[in-house]
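All values below were derived from every heavy atom in this structure, side-chain atoms included, with hydrogens, water molecules and symmetry-related copies excluded.
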Amino acid sequence: MKDKKPMKPVFKEGAITSDFIGNSIYKHQTKTNIGAHNIFLGQVRADDINGKIVSAIEYTAYEDMANQKFHEIRELAFKKFDLTCMHIYHSLGTVKAGEICLFVFVSSPRRKVVFKALEYIVEAIKADVPVFGKEIFEDESHQWKVNS
Amino acid sequence: MKDKKPMKPVFKEGAITSDFIGNSIYKHQTKTNIGAHNIFLGQVRADDINGKIVSAIEYTAYEDMANQKFHEIRELAFKKFDLTCMHIYHSLGTVKAGEICLFVFVSSPRRKVVFKALEYIVEAIKADVPVFGKEIFEDESHQWKVNS
Amino acid sequence: MHITIKYFGQIAEVTQIREESFKFSGNLVSELLDALHLKYKDLKNKDFKVAQNQELVSGDVKLTGDDIALLPPFAGG
Amino acid sequence: MHITIKYFGQIAEVTQIREESFKFSGNLVSELLDALHLKYKDLKNKDFKVAQNQELVSGDVKLTGDDIALLPPFAGG
């Protein structure tokens with residue numbers, strides 16, 4: 001049935017700031033068995049869709065299921081790859097074009113594994129986590145984002 | 001013969017700070033055609049080698065050739081991958097265990113390409129750039145680092 | 001039985017509610033979907049997956065009484 | 001001719017200098033290396049590559065008069 005281990009919080013209200021990311025990197029400098037970090041950042045694009053420009057994405061999620069899926073992705077990644085640590089943060093609510101909505105951070109003693117692990121985790125998030133994105137245009141109309 | 005385009009400075013004296021990395025991320029938030037960033041960080045490990053602990057690595061380089069190689073890696077990566085931007089920073093001099101000595105940052109409209117590009121660039125740096133690392137132990141003896 | 005049904009994203013735009021307790025006597029997920037399509041005509045133009053108790057299920061799965069969610073295409077990251 | 005030779009890392013530990021102007025009358029990189037091995041006996045235990053004008057070269061390449069560098073194993077990143 002459901003895994004009962006404590007889950008790390010993933011969702012953050014609004015954009016993920018560069019200060020938050022810098023600080024997260026800083027905290028890993030005490031872990032002196034780490035030799036390689038790999039970080040993925042998803043940033044909201046100001047896409048031009050038939051002449052209308054995306055100004056922001058408003059994220060919602062089926063939070064209970066999403067947290068469960070993030071947890072499963074996390075557990076499986078630790079099983080598959082020799083990682084020292086892993087952090088996942090995803091925005092909820094409004095994230096403006098140019099701002100960061102996804103921050104995935106993996107660390108390992110050696111580099112080869114972090115590349116594989118990071119891509120695996122990001123692809124799993126895109127495919128398996130019930131997060132929904134409403135692309136808001138500058139004229140306040142909207143369309144729904146679909147991952148490709 | 002040698003490429004005469006201007007080269008971006010890569011080497012930095014001492015460790016690369018988390019503030020510098022955070023600030024570099026911040027500067028990309030005006031580039032609203034970017035959808036995905038991928039960042040590699042090399043961190044100095046406090047390896048235990050026959051009971052002696054690495055406390056720092058002292059980096060030197062054949063700087064002219066290294067800058068040329070970084071430039072070639074950069075040009076080739078832009079040719080091979082659809083990247084919006086790319087930044088490479090490498091330390092010279094002393095970097096203590098836990099501190100960051102390599103910062104590679106690639107950005108693209110879409111995510112698939114950043115994973116491939118980042119791994120390509122990091123492996124090319126490790127293989128082709130004449131940088132040398134003296135691992136300093138806590139008792140001030142040393143050995144020379146070799147990339148694996 | 002009464003089943004709690006949750007709607008998200010563009011599906012919630014169709015239903016105009018995010019959650020409801022739906023009285024239903026059928027056995028299968030597909031039967032529940034038929035009933036929902038009758039109630040919300042515009043669902044037929046929408047792409048969505050169904051989760052029961054937070055796991056994706058296909059139409060031939062039996063209803064357990066756990067929460068059902070109608071999930072439009074995922075767009076995380 | 002006089003060739004500028006640069007030494008790095010553990011090779012500079014052997015030679016005790018980082019750079020020298022070396023007077024030499026041979027034609028090939030391998031001949032220059034033979035002369036350097038005579039001058040610096042401990043080079044024979046060391047692993048290194050040779051660059052001429054900042055490009056790696058093998059022993060059978062002709063000397064051009066450009067800078068030669070003896071490069072121990074790379075350890076960037």
Checklist entry - Do you know the tightest heavy-atom contact between C:Q54 and A:D64? => result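 Result for this residue pair: OE1-O, 3.2 Å.
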Checklist entry - What closest approach, in Å, do C:A75 and A:G133 show between heavy atoms, and which atom pair accounts for it? => result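 Shortest heavy-atom separation between C:A75 and A:G133 comes out as CB-N, 3.7 Å.
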Residues in [range] near chain C [non-hydrogen atoms, under 4.5 Å]:
range: residues 86-104 of chain A; result: A:H90, A:C101, A:L102
range: residues 22-48 of chain A; result: none
range: residues 120-128 of chain A; result: A:K126, A:A127, A:D128

Item to check | Proximity breakdown for A:V129 and chain C, heavy-atom pairs closer than 4.5 Å | outcome: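 For A:V129, backbone heavy atoms alone lie under 4.5 Å from chain C.
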Checklist entry - Heavy-atom distance under 4.5 Å to chain C: side chain of A:A66, backbone, both or neither? => result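 Looking at A:A66, nothing touches chain C.
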Checklist entry - Would you say the side chain of A:M65 lies within less than 4.5 Å of the side chain of C:N53, judging by non-hydrogen atoms? => result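 With C-beta onward as the side chain, the pair stays apart.
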Checklist entry - Side chains of C:L71 and A:Y62: does their closest heavy-atom pair fall under 4.5 Å? => result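 Yes, their side chains come closer than 4.5 Å.
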Item to check | Carboxylate-amine/guanidinium contact C:E55 A:K69, below 4.0 Å | outcome: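 Salt bridge: yes.
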Item to check | Gap separating the NZ atom of A:K145 from the CD atom of C:Q10, nearest 0.5 angstrom | outcome: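 One gets 13.0 Å once the value is rounded to the nearest 0.5 Å.
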Next on the checklist: Distance check, rounded to the nearest 0.5 Å: C:E13 atom CD versus A:H142 atom NE2?
Outcome noted: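 Nearest 0.5 Å value for the CD-NE2 distance: 3.5 Å.
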Next on the checklist: Quick check against the 3.5 Å criterion: does A:N147 have a side-chain atom that pairs as donor or acceptor with the backbone of C:P73?
Outcome noted: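 Looks like no, no N/O pair under 3.5 Å.
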Item to check | Inter- and intrachain pairs under salt bridge (charged side-chain N to carboxylate O under 4.0 Å, His left out), touching residues 38-48 of chain C, at least two apart | outcome: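 Found C:E20-C:K39.
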